[in-house]
Structure formats: C-alpha cells, structure tokens
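To start, the structure itself, in structure tokens.
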Amino acid sequence: MESHLPEISREIEGLRDEMVRTLVELVRIPAISPDYGYEGEYDKAQKLLEIIKDWPFDRVEVYNAPDERAKKGVRPNILAYYYGEEGEESERLWILTHLDVVPPGDLSKWESDPFKPVVKEGKVYGRGAEDNGQSLVASLYAVKALMNLGIRPKRTVILAFVSDEETGSEYGIGWLMRNHPELFRKDDLVLVPDGGNEDGTFIEVAEKSILWFRLKVRGKQVHASMPEKGLNAHRVALDLAYHLDRFLHEKYSRRDDLFEPPESTFEPTMVRNPADSPNIAPGEHEVVFDCRVLPDYSLDEILNDVKTFSEDVRGAYLKEIDGKILPEIEVEVLQRLDAPKPTDPNSEIVRLLREAIKKLRGKGVRVGGIGGGTFAAYFRKLGIPAVVWATLDETAHQPNEYARIDNMVEDAKVMAALFVL
C-alpha cells in the first residue's frame, strides 16, 4: 500500500483547484450556533451532502441532534464511511472536523465580507476558512484521491463532520457519544485536525482541564460621593479577583513540560457592572476567569478553594444594609471539562502520523499537550487514542481569517498516507 503514496500525492495535487472551490462554497454559509443568535449548521450540512452525493462512499449517515432554536430544529452530524480492505470488519480511522464557526466579530476589522470568501496570494479568506474548513476539505479530498484511483484504504476511514464544536459540543460529538455509543469502538484510531503549528510538526496528545467560572458580587448601589450609605460591589470584586488570581497561581504552580505553556493558567477575562456614570458606586459586579489546569490537579479542589477564598474576602466587607448582610458573592461555573488521561505518545495513531509526516515532509515531530480544548478529549474519556494535528497559520477566530491553500493540499496528502500506511 505504501507504494501508492507518490500516485496519491499527485492525484491530490491535481485536485487543488477543486479543493479551493469546495472551501469557498462552504465558507459562504455562516454556520453559527444559536447560542449567538444564528440558525446553526443545517444549511452547511446540506451543502456538504450535496457536494458528496455522487462520491462512492460506502455509507453516509446523518444524525440530527434536536435543538428547537436551530433551523429545522436540528444540529446535523454527518458520518461518511469508506471501507478498508476487509470491508466493514476493517480496523477504523476517524477524521473529525466541525461544521460550525464563530461569529465574525467587528466587521470594521475585516478587509472583505467574512462570508464572501476571497482567494488571493495562495490563501482563502473568510470566517471558518481555517477553523475548520481547511481541514474539513483536506479530509474530504484525501479520501476522494483514493476513490479516483480505485484504491481501498488499509483501514476503514470515517469522516465525521459535526456540529457545535465552538460552543461546547452539546449537540455534536458529545451528543453522538451519549445517544449513539454503538458508533465507537475501543480500537478505533482518531485524528482531530483542529490544532497544530505553522510547519505541521506538533502532535497534540494531551489537553489541560478547562474551568470557566463567574464571580458575581452584590452590594448596594449609591452615589459615589456617599459611599458609607451603600456597598461598592466593584471594590469587593477587584479585591477578590486580584487576590484570587495570585492565590491560584501560587498554589497550583506545578510545571509539566509536556504542555505549552507548562503551567496551569488562571486568566480573568471578562468584567461587567451596571454603572454607567463615573459618580455611581455600583451594587453589582461580575468577573469571569478562564482556567486551563494541568490534568493532575482536581477541578473540584480548585472550585472549593475559589468558594472558600470568596467567603474569606466577603468577611472583610460584611455590612448590614436595609436588613440584609452584604456583600453576597456567588460562584457560577460556566464551563467545565476535566481532562482525560493523555493519549500514549507511543500509540498506533501517533506512530502512523509520525511516519506519514516523515515520509512526505522529511521532518520529525514534537509530541505534547495544549491548554485549549478539542473534541479529542471526548475520545480519550472513552479510552480511544486520539491526536490533534494540522498545519495552520493560526488565524482562527481573528478578523481576516484565512486558510493557506498549500497547507490544505499538503495536509490532505498526510491524511491519505495514514489511510495506506
């Protein structure tokens, strides 16, 4: 099978223009979550099904997660199977990409309409071009090259195009695993091409735990010239956030060089209070923390520390106003993902990917962990080895996001190599 690699690479190169056209077609469709007030992924899923309807996949299945907020009331998830040499009994390799994209943000920062893609200087510009359109199209055409040449992969390839990655996977891979556990096998191999670096030499095998929490402080709003008549929630929240930030970094300071950065991070990211004038001492204030925590720390312990610390700070400001003891401090968890055990750096999927990159690019790779979250974690929780890899300029979520065409084509060659090695 390995002898087919030069032929497959030439075929993918010949599909370059078609790949660009397909990416442009998909980027035109704003598949944005109802969480942001949009309709979801339905239209994009339909376009993808239209594109592949005449391709000789052995099986294409659509699993619609119900969501009354979305168009047609569903969030689509598509699985396309191309059987290996031993048919349905073959070992299996998944490549998972996501249909959804984030909102475009401030349109004044874009040089073109984010949903009217522009092709120039070897790049395709538009929201979702890199995240995750580049890898979605690469995976499609890695399979199409084999189809065109009449080559069956060594393992069955399952291309999964899922919804809701950008807002938690509740209607995507998480929903599939809860409602259709029969789809997944312990001996599956999994590639998630949704993270990487500019030269494609980093394979991610581990992720930190993710914890987002909001601190909600309630005092009593008063005129800023008479602070004694109320309780300034802003001051309490600033005190709490500053000292909690220092406390978390000092207590959870262990380093693990598998990850980049090698330590846990605790970042205050958002604030909100209702004061709309300089002379108002606000009665409410909120601070949000984004925490990316090394897997050997317990998120339960961190949350208990946050609550205990909040009570200690609250105690320094206690005051009875209008029959109420203030301030009140609430800790609200916005998102939590406890990191599963890392994929073994010596596992079969890591070995195959190393070999494919070495053969096609002549490069060695670095294996490590990241602070971000991908749906590789969902497979690791099931004990299924999963890696995250792609060649990316890392413009995701930015104005003027783009996919580099060479990255898309060359990554398709690496994916195809995984099918035949």
Side-chain angles (χ1 to χ4, degrees), residues 1-16 18-19 22 48 51-52 54-61 78-97 132 134-162 183-194 196 200 203 343 347-363 365 376 379 384-391 406-421:
M1 293 287 282
E2 184 180 329
S3 61
H4 289 297
L5 277 178
E7 181 184 13
I8 294 169
S9 292
R10 287 193 297 272
E11 181 66 23
I12 290 172
E13 197 62 53
L15 293 168
R16 175 184 289 258
E18 186 178 339
M19 294 172 74
T22 296
L48 180 57
I51 289 169
I52 66 172
D54 295 323
W55 294 23
F57 281 106
D58 294 290
R59 197 161 91 239
V60 176
E61 300 170 341
I78 301 170
L79 304 184
Y81 295 75
Y82 189 51
Y83 292 156
E85 294 174 315
E86 297 179 16
E88 292 190 68
E89 302 308 312
S90 300
E91 294 181 352
R92 310 190 315 174
L93 169 66
W94 292 70
I95 300 183
L96 289 99
T97 54
N132 199 207
Q134 174 186 307
S135 292
L136 187 159
V137 173
S139 69
L140 272 177
Y141 284 85
V143 172
K144 187 169 189 181
L146 268 66
M147 291 173 168
N148 288 354
L149 295 169
I151 297 171
R152 280 286 173 180
K154 186 173 181 180
R155 301 165 186 81
T156 289
V157 177
I158 306 172
L159 300 185
F161 312 100
V162 300
L183 294 172
F184 308 97
R185 301 176 186 170
K186 291 291 186 182
D187 61 350
D188 286 342
L189 305 179
V190 178
L191 169 63
V192 179
D194 195 19
I203 300 174
T343 295
S347 64
E348 179 73 356
I349 184 60
V350 176
R351 183 192 68 77
L352 284 171
L353 191 50
R354 279 184 183 274
E355 185 179 353
I357 295 168
K358 184 68 174 178
K359 286 183 180 298
L360 288 166
R361 301 185 181 179
K363 295 178 178 179
V365 299
F379 286 88
I384 299 173
V387 297
V388 178
W389 169 87
T391 310
D406 282 347
N407 288 347
M408 179 169 63
V409 174
E410 296 304 316
D411 280 9
K413 295 176 185 177
V414 171
M415 293 175 188
L418 293 177
F419 305 159
V420 299
L421 287 175

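Computed over heavy atoms, backbone and side chain alike; hydrogens, waters and symmetry mates excluded.
Residues passing the side-chain hydrogen bond (donor to acceptor under 3.5 Å, both in side chains) test with K413, sequence neighbours excluded: E13, E410. With sequence neighbours left out, E7 forms a side chain to side chain contact (heavy atoms under 4.5 Å, CB included) with H4, R10, L149, I151. For D194, the side-chain hydrogen bond (donor to acceptor under 3.5 Å, both in side chains) criterion is met by H98, N132, not counting sequence neighbours. By the side chain to side chain contact (heavy atoms under 4.5 Å, CB included) test, S347 is found to be paired with T343, D344, I349, V350, P385, residues two or more places apart in sequence or in another chain being considered. Listed by chain and number, the residues in a side chain to side chain contact (heavy atoms under 4.5 Å, CB included) with E91 are R155 (sequence neighbours excluded). A search for side-chain hydrogen bond (donor to acceptor under 3.5 Å, both in side chains) contacts involving K359 returns E2, not counting sequence neighbours.
To the nearest 0.5 Å, atom NZ of residue K144 and atom OG1 of residue T22 are 7.5 Å apart. Between L96 atom CG and F379 atom CZ the span is 4.5 Å, to the nearest 0.5 Å. Distance check, rounded to the nearest 0.5 Å: CE of M415 to CG of L146 gives 13.5 Å. Taking CG of L159 as the reference point, atom CD1 of I78 lies at 11.0 Å (rounded to 0.5 Å). One distance of note links CG of L191 with CG of L93; it measures 7.0 Å at 0.5 Å rounding. Atom CZ of residue R92 and atom OH of residue Y81 lie 5.5 Å apart, to the nearest 0.5 angstrom.
Residues W389 and I357 meet the side-chain proximity criterion, which asks for heavy atoms closer than 4.5 Å. Residues L353 and V387 are in side-chain contact: their nearest non-hydrogen atoms beyond the backbone lie under 4.5 Å apart. Using a 4.5 Å cut-off on side-chain heavy atoms (C-beta onward), L136 and L48 make contact. Looking at L183 and I158, their side chains never come closer than 4.5 Å, going by heavy atoms from C-beta outward. Within the 4.5 Å cutoff, no side-chain heavy atoms of L418 are placed close to those of V157. The shortest side-chain heavy-atom distance between K154 and L352 does not fall under the 4.5 Å cut-off. With a 4.5 Å cut-off on side-chain heavy atoms, Y141 and M408 do not count as touching. Two residues are said to be in side-chain contact when any heavy atoms from C-beta on lie closer than 4.5 Å; S9 and L360 meet this criterion.
Pairing each heavy atom of V60 with each of A80, the nearest pair is CG2-CB, 4.2 Å. Across every non-hydrogen atom of A416 and I12, the tightest pair is CB-CD1, 3.9 Å. Of all non-hydrogen atoms in A412 and A138, the two that sit nearest each other are CB-O, 3.4 Å. Between G200 and T391, the shortest heavy-atom distance links the atoms CA-OG1, 3.5 Å. The two atoms that bring A417 and A356 nearest to each other are CB-CB, 3.8 Å, heavy atoms only. What you find for G87 and T156 is that their closest heavy atoms are O-OG1, 3.3 Å.
Taking the six-membered ring for Trp and the full ring otherwise, F184 and W94 have centroids separated by under 6.0 Å.
One N or O on the side chain of S135 and one on the backbone of P193 form a donor-acceptor pair closer than 3.5 Å.
R351 and E348 are joined by a salt bridge, as a carboxylate oxygen and a charged side-chain nitrogen come within less than 4.0 angstrom of each other.
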Requested in this report: Any chance you could lay out the side-chain contact (heavy atoms from CB on, under 4.5 Å) test for R361 and V414, step after step, and finish with the verdict?
Outcome: CA-CA 9 Å; R361 301 185 181 179; V414 171; 3.9 Å; yes

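With Y82 as the aromatic partner, R152 meets the cation-pi criteria of under 6.0 angstrom to the ring centre and within 45 degrees of the ring axis.
Note: W55 and F57 have parallel aromatic rings, judged against thresholds of 30 and 60 degrees for the angle between ring planes.
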